Number of protein chains: 2
Amino acid sequence: MPPKPSLTPLPGSCATCGVRPHDLFRAVPAEQIDKVAATRAAVRLARAGQPIHDTVFSLFAGWAFTWRATPEGRRQILDFHLPGDLVEHDEAGEETVTALTDASFCVLSRERLCAFMGRDACLAMSYAEGLSEDRARLRERLTSLGRRDALGRLAHLLLELQGRLAKRGTASGDGGPLPLRQAHLADALGLSVEHVNRALAQLRRNRVALLRKGRLEILDRAALGALADWPDAPAPALLATRGRARPG
Amino acid sequence: MPPKPSLTPLPGSCATCGVRPHDLFRAVPAEQIDKVAATRAAVRLARAGQPIHDTVFSLFAGWAFTWRATPEGRRQILDFHLPGDLVEHDEAGEETVTALTDASFCVLSRERLCAFMGRDACLAMSYAEGLSEDRARLRERLTSLGRRDALGRLAHLLLELQGRLAKRGTASGDGGPLPLRQAHLADALGLSVEHVNRALAQLRRNRVALLRKGRLEILDRAALGALADWPDAPAPALLATRGRARPG
DNA sequence: CGGAATGTTGAGGTTACTCAAAATAAGTGG
DNA sequence: CCACTTATTTTGAGTAACCTCAACATTCCG
């Protein structure tokens, strides 16, 4: 028997590539598609859980994530990558990229890409735009880890991912595919797996959101948004149980 | 009597600007300096603690920081800005920029800057490089807030800032100017002021680092690095007191 | 069917928070 | 330079959120 066939069809030519409208090359006019194709060094496939060593690639199908290990064997997930995302990392650096699901991607030549960007300022700006979005996302996350409690962090991340999926047409308003294990959530949110589990249970119990079998179902978007925004102020008791009641 | 004179001399022409070697325009050749000057809409000065409403500017002297407010009146500091940094933000967005010290800066015209970058791919790449550094810094911070304890977060931030200063020649290996209040540290690290104070006290007590009167003095760089890297593993008991001793 | 990975639940401990107050330092007007 | 006010730092006591450890249940997959 041949190896299990990929669940994700391989990308065809750049001209017909389904994710191109959302990726780095979205601004490149049709007649220059061949230049895009020229930056492509290879098309590759990674199984779920496998590290990806290529230092520049454009994700075509599947999810990936970038993380950093701690000496104690823990990890901090720095970002999740969805189809269409450009992913970059130094081979030398402390950061690692791992496939979250089976994933296929186009490996790009850093040299050729840089050369292309050096000539085409629009492409360079499109690249900058992507970096700027990354930064905005990281700033949101930083705010989460710094000033939101477990429930707020979780709600915020769920909404972030749902929003990114929706932008690609992969998710509707009330849910979408979300192939994360609770361990991934924990490592992205700076929490323990057990605590994430309890927070998810709370969302489930209160019919706010449901995560199971790789799908997220948002049952009460307003409540989820209120939690994500911030623990207390904007949410007028949409959830009964936010920890035990305050003494005062 | 005229208003208290600024402590920071105003920038002269772009050609002789002291921070240009470290800023966005570092790659612009000498004969095109006039184009740089053309993107400059104004030179302005902000007093310590004042908000800066300009949406694109290049910091010339002094410090600033970008932060986000929570409905409860708390804040998360997202980044600190040093001389030479390009600072951007949406006026509409949730983020605010505030001068940390008295600061002078060149306000840039977003239109003219974009036009310049649209023509000059090198400038666009230089801009992208800055964004990439921002992202790397934010990733480090995210790791701090997610997986490091208070002492680790503090050590890491102090080293980060010291490193950035050193790159500009403003700090030496064993210290430099650091005009932050403990409240800024707390809001950047996701801690309470009191806890930051205790952590600083511990660094002081153990002769690792000293922060007072707007200056940081690093007494034991190795120990500080060990703390920053991660709580336990790489640090062979350089500090006696890391919380109370473990029972086991 | 059996093993491994993942999810769930409980008990007890630790870090960091909150509240409160005192001690310093930094400004300000006289 | 001093009296006064205000901001910042420091210390303490009690508490809450989250963690760790340890089982156990469940799902996944060969």
Side-chain angles (χ1 to χ4, degrees), chain A residues 1 3-4 7 47-49 70 72-74 76 100-102 144-154 178-187 189-205 210-215 227 231-232 241-248, chain B residues 1 3-4 47-49 70 72-74 76 100-102 144-154 178-205 210-215 227 231-232 241-248:
Chain A
M1 192 163 61
K4 184 165 69 172
L7 301 171
R47 294 272 143 179
T70 79
E72 298 128 325
R74 288 226 201 107
Q76 175 65 42
L100 184 53
T101 64
D102 287 357
S144 256
L145 297 218
R147 292 303 186 210
R148 283 196 259 255
D149 67 6
L151 214 41
R153 293 183 205 181
L154 182 57
L178 208 64
L180 309 185
R181 327 259 113 235
Q182 295 185 1
H184 295 123
L185 293 172
D187 288 336
L189 299 175
L191 298 168
S192 66
V193 184
E194 296 89 333
H195 205 65
V196 165
N197 183 288
R198 287 182 247 265
L200 277 172
Q202 202 170 330
L203 291 182
R204 196 187 319 135
R205 220 176 17 254
L210 205 67
L211 180 60
R212 50 151 200 205
K213 304 216 181 205
R215 275 197 74 79
L227 282 173
D232 307 46
T241 344
R242 289 282 326 273
R244 73 199 65 165
R246 295 290 164 91
Chain B
M1 190 164 66
K4 185 163 65 173
R47 293 272 143 181
T70 80
E72 297 128 326
R74 288 224 200 109
Q76 175 65 43
L100 183 53
T101 65
D102 287 356
S144 257
L145 299 217
R147 294 301 187 210
R148 283 196 258 256
D149 67 6
L151 213 42
R153 294 182 204 181
L154 182 56
L178 208 64
L180 310 185
R181 326 263 108 232
Q182 296 184 4
H184 295 123
L185 293 172
D187 288 337
L189 299 175
L191 298 168
S192 67
V193 183
E194 296 89 333
H195 205 63
V196 165
N197 183 289
R198 288 183 247 265
L200 277 171
Q202 201 169 331
L203 291 181
R204 195 186 321 135
R205 221 179 13 257
L210 206 66
L211 180 60
R212 51 153 197 205
K213 305 214 180 207
R215 275 198 72 81
L227 281 173
D232 307 48
T241 344
R242 288 282 327 270
R244 73 200 65 167
R246 296 289 164 93

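Since this is a predicted model, take the numbers as computed values, not measurements. Letters go in sequence order (proteins before strands), and every chain restarts at 1.
Here D/dT26 presents its P atom at 16 Å from CZ of A/Arg212, a figure rounded to the nearest Å. Atom CG of B/Asp187 is separated from atom P of D/dT9 by 12 Å (rounded to the nearest Å). Put simply, CZ on A/Arg205 is 12 Å from C1' on C/dT8, counting in whole angstrom units. Taking atom CZ on A/Arg148 and atom C1' on C/dA16, their separation rounds to 20 Å, with Å as the unit. Here the C1' atom of nucleotide C/dG7 and the NE2 atom of A/His184 are 14 Å apart, to the nearest Å. Taking atom CG on A/Asn197 and atom C1' on C/dG10, their separation rounds to 12 Å, with Å as the unit. To the nearest angstrom, C1' of C/dA16 lies 14 Å from CG of A/Asp149. When the C1' atom of C/dT6 is taken as reference, atom CG of A/Leu178 falls 16 Å away, rounded to whole Å.
Residue contacts shown for B/Leu191 are limited to sugar-phosphate atoms, with no base heavy atom under 4.0 Å away. Residue contacts for B/Gly190: at a heavy-atom cut-off of 4.0 Å it reaches the sugar-phosphate backbone alone, with no base atom in range. A/Arg204 comes within contact range of the sugar-phosphate backbone alone, with a heavy-atom separation under 4.0 Å but no base atom that close. Residue A/Gly214 is classed as having no contact, given no heavy-atom separation below 4.0 Å to the nucleic acid. Among the protein residues, B/Arg74 comes within range of the sugar-phosphate backbone only, with heavy atoms under 4.0 Å from sugar or phosphate atoms but none that close to a base.
Nearest-nucleotide assignment on DNA chain D puts the 5′-proximal partner with B/Leu180, out of B/Leu180 and A/Val196.
Once rounded to the nearest 0.5 Å, the distance linking CG of A/Asp187 with CG of A/Leu180 reads 11.0 Å. Within the model, atoms CG of A/Leu178 and CG of A/Leu210 stand 12.0 Å from one another, a figure rounded to the nearest 0.5 Å. Between A/Leu185 atom CG and A/Arg153 atom CZ the span is 12.5 Å, to the nearest 0.5 Å. The distance from the CG atom of B/Leu151 to the CG atom of B/Leu203 is 5.0 Å, given to the nearest 0.5 Å.
Between B/Arg181 and D/dT9 there is a side-chain polar atom (N or O) within less than 4.0 angstrom of OP1 or OP2. Taking side-chain N and O atoms only, A/Gln182 has a distance below 4.0 Å to OP1 or OP2 of C/dT8.
Heavy-atom minimum distance, B/Leu154 versus B/Val196: CD2-O, 4.4 Å.
Judged by atom type and distance alone, B/Arg198 reaches the base of D/dG12 through a side-chain donor-acceptor pair under 3.5 Å.
For A/Glu194, the listed nucleotide lying nearest its side chain is C/dT9; candidates were C/dC17, D/dC19, C/dT9.
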